[in-house]
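Sequence lines set the chain letters: A, B, ... in the order given, protein chains first and strands last, and positions in each chain run from 1.
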Protein chains: 2
Amino acid sequence: MSQPLHLDISEQLRQRITAGDYLPGAKLPSERQLIAEFQVSRITVRRAIANLVDQGLAIAHQGKGVFVTERRKAVYTLTSPGLFVAEDLQNQGIALTVKTLIFEQVTPPQSVQQLLQLPSAEPTAYLQKKILLMEQVPGCMDITYVLPEIGELLASALQHQMTFPVLERHNIPIERVEAMIECQNADPELSQQLQVPLGHSLLTYHHTAYTTGDRPVLHGASISRGDRFCYAVSLNHAR
Amino acid sequence: MSQPLHLDISEQLRQRITAGDYLPGAKLPSERQLIAEFQVSRITVRRAIANLVDQGLAIAHQGKGVFVTERRKAVYTLTSPGLFVAEDLQNQGIALTVKTLIFEQVTPPQSVQQLLQLPSAEPTAYLQKKILLMEQVPGCMDITYVLPEIGELLASALQHQMTFPVLERHNIPIERVEAMIECQNADPELSQQLQVPLGHSLLTYHHTAYTTGDRPVLHGASISRGDRFCYAVSLNHAR
DNA sequence: CAGCCTCACTTGTTATAACAAGTTAAATTC
DNA sequence: GAATTTAACTTGTTATAACAAGTGAGGCTG
């Protein structure tokens, strides 16, 4: 055997998916059917399916079956820092709800203290942890640290609305955002909150926002499902 | 049982990793040892380890063992389109080699034809597929379509050097880049080329570069290992 | 007819077993 | 002593088996 059986089978199934034999949303044959078709043991069929799931081509639902994944992604456009994630998605016709999990005053980790230039005497900030529901489905978890004076002032507003619009409305303009985008994998907590399998690919947008005078206002991370979202940015030479 | 055994075990191991009991690069206990410690079957231990691998915390080497992953990432800084990936990485002290897999004239897919505004009479372009080796290790696969006249002119230079510096040296300034960053998972080809397991998280940077007069010059995708790379960008309000 | 139950299906978990294949170091051979 | 072989480890593949748990349809009961 030059190649493992499970790979051989998952490649055949992959070909059928990319060829359109199984359309997005459609149910793949059950384990029992695949066992009969390929004449292998259940463990091999399950491994073949796991290969497809790992590649993001299929998703399994206990009791129901394995289904071909939908491949549409919503775009976060990173233009000027003013109009943000929320509006941009709503422009794409995606209903968006904010569910705050945590909103409290904490002592952030060293790295955040530094980025927000908190006074070392009393290095506190407001921590907001929220889930963004797109079309009633959790798509993004946002963890943001806000300067204490701003968190206190805008507590009620921040808990029900998107962050940046609230700030702009209260005369805290965002002049600059330093961002970093990376890939991570769902740990058990994120797996549960975003309702994805353990290890699922996630796209993380780390950002530090500065207001006039280059003073930092907030620092946070938006962790989105990697199979549902992407980021667009335009880079101009003339700056 | 409220929670599967394999999850229970992988969580205990995860805690040891995050607590620093097992440092990056260190070898985890062998399957045999874990079977003895947790008093479960091999299949359960293997599933627990698979959970860690899926979360990007460990990597398995047949015959050698399972090792805690290193967590350092190289940063691609997206500033002005001029200085690019290559220089940026070299500034970070990372040795970079280009290995061209394919360089030929082709008829690109419809979507690329449109982006490059190719004449529908003869919609050809040069396709370059290359592997970028960082410290002799494959880290990124780049697939780029270049306008035919440029591909022809700069064939030899493009095959051994980075794309953007070559263009700049030949008086083809890049004025604007439209980019999109997304997450994808390694299919068998990428898995083989980048030497990562099937389904491994990858970070893809799609880009279309325009020269003076807003004329498109090239369109491509840079597919990097998600566990090794990230993108940084600075967004200014004043544009 | 509404509600409940049962049954047949699905995927998920776990155990035992055997062999394959990559790695390393000790033992053997030349 | 150097090269080769062997043995003991490691993880990878595959089979068989049994039970758990989620789903949905059909039938039974009130």
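- Separating the CD1 atom of B/Ile43 from the P atom of C/dT13 is a distance of 11 Å, rounded to the nearest angstrom.
- Between the CG atom of A/Asp8 and the C1' atom of D/dT14 there is a distance of 14 Å, rounded to whole Å.
- B/Arg47 places its CZ atom 17 Å from the C1' atom of D/dT13, with the value rounded to the nearest Å.
- Side chain to side chain, A/His6 and A/Thr44 fail the donor-acceptor criterion of an N or O pair below 3.5 Å.
- Whole-Å rounding puts the B/Ile35 CD1 to D/dC9 P distance at 14 Å.
- Of the two residues near DNA chain D, A/Gly63 and A/Val45, the one whose nearest nucleotide lies more 5' is A/Val45.
- Ranking D/dT11, C/dT13, D/dT14 by closeness to the B/Val66 side chain, first place goes to D/dT11.
- One can place CZ of B/Phe67 at 11 Å from P of C/dT23, the figure rounded to the nearest angstrom.
- Between A/Arg46 and C/dG12, a side-chain N or O to OP1/OP2 separation shorter than 4.0 Å is present.
- Regarding contacts with the backbone of D/dA15, a side-chain N or O of A/Thr44 is found under 4.0 angstrom from either OP1 or OP2.
- Rounded to a whole Å, the CZ atom of A/Arg32 is 8 Å from the C1' atom of C/dA8.
- More than 12 heavy atoms of other residues, nucleotides or ligands sit less than 6.0 Å from atom CD of A/Glu37.
- When distances run from any side-chain atom of B/Leu5 to the nucleotides D/dA15, C/dT14, D/dG12, the shortest one goes to C/dT14.
- One can place CD of A/Gln39 at 15 Å from C1' of D/dT14, the figure rounded to the nearest angstrom.
- Residue contacts for A/Arg42: at a heavy-atom cut-off of 4.0 Å it reaches a base atom on one of the strands shown.
- OP1 or OP2 of C/dT13 lies within a sub-4.0 Å distance of a side-chain N or O belonging to B/His6.
- Taking the six-membered ring for Trp and thresholds of 30 and 60 degrees, A/Phe229 and A/Tyr76 have nearly parallel ring planes, at less than 30 degrees apart.
- Residue B/Ser41 places no side-chain N or O under 4.0 Å from the OP1 or OP2 atom of C/dT16.
- We find that B/Glu189 and B/Lys129 are joined by a salt bridge, their nearest charged nitrogen and carboxylate oxygen being less than 4.0 Å apart.
- Side chain of B/Gln55 to main chain of B/Asn51: a donor-acceptor pair is present (N/O by atom type, distance under 3.5 Å, no hydrogens or angles).
- To the nearest angstrom, P of D/dT14 lies 12 Å from CD of B/Gln62.
- Picking from D/dT23, C/dA20, C/dG12 the nucleotide with the shortest atom distance to the side chain of A/Lys64 gives D/dT23.
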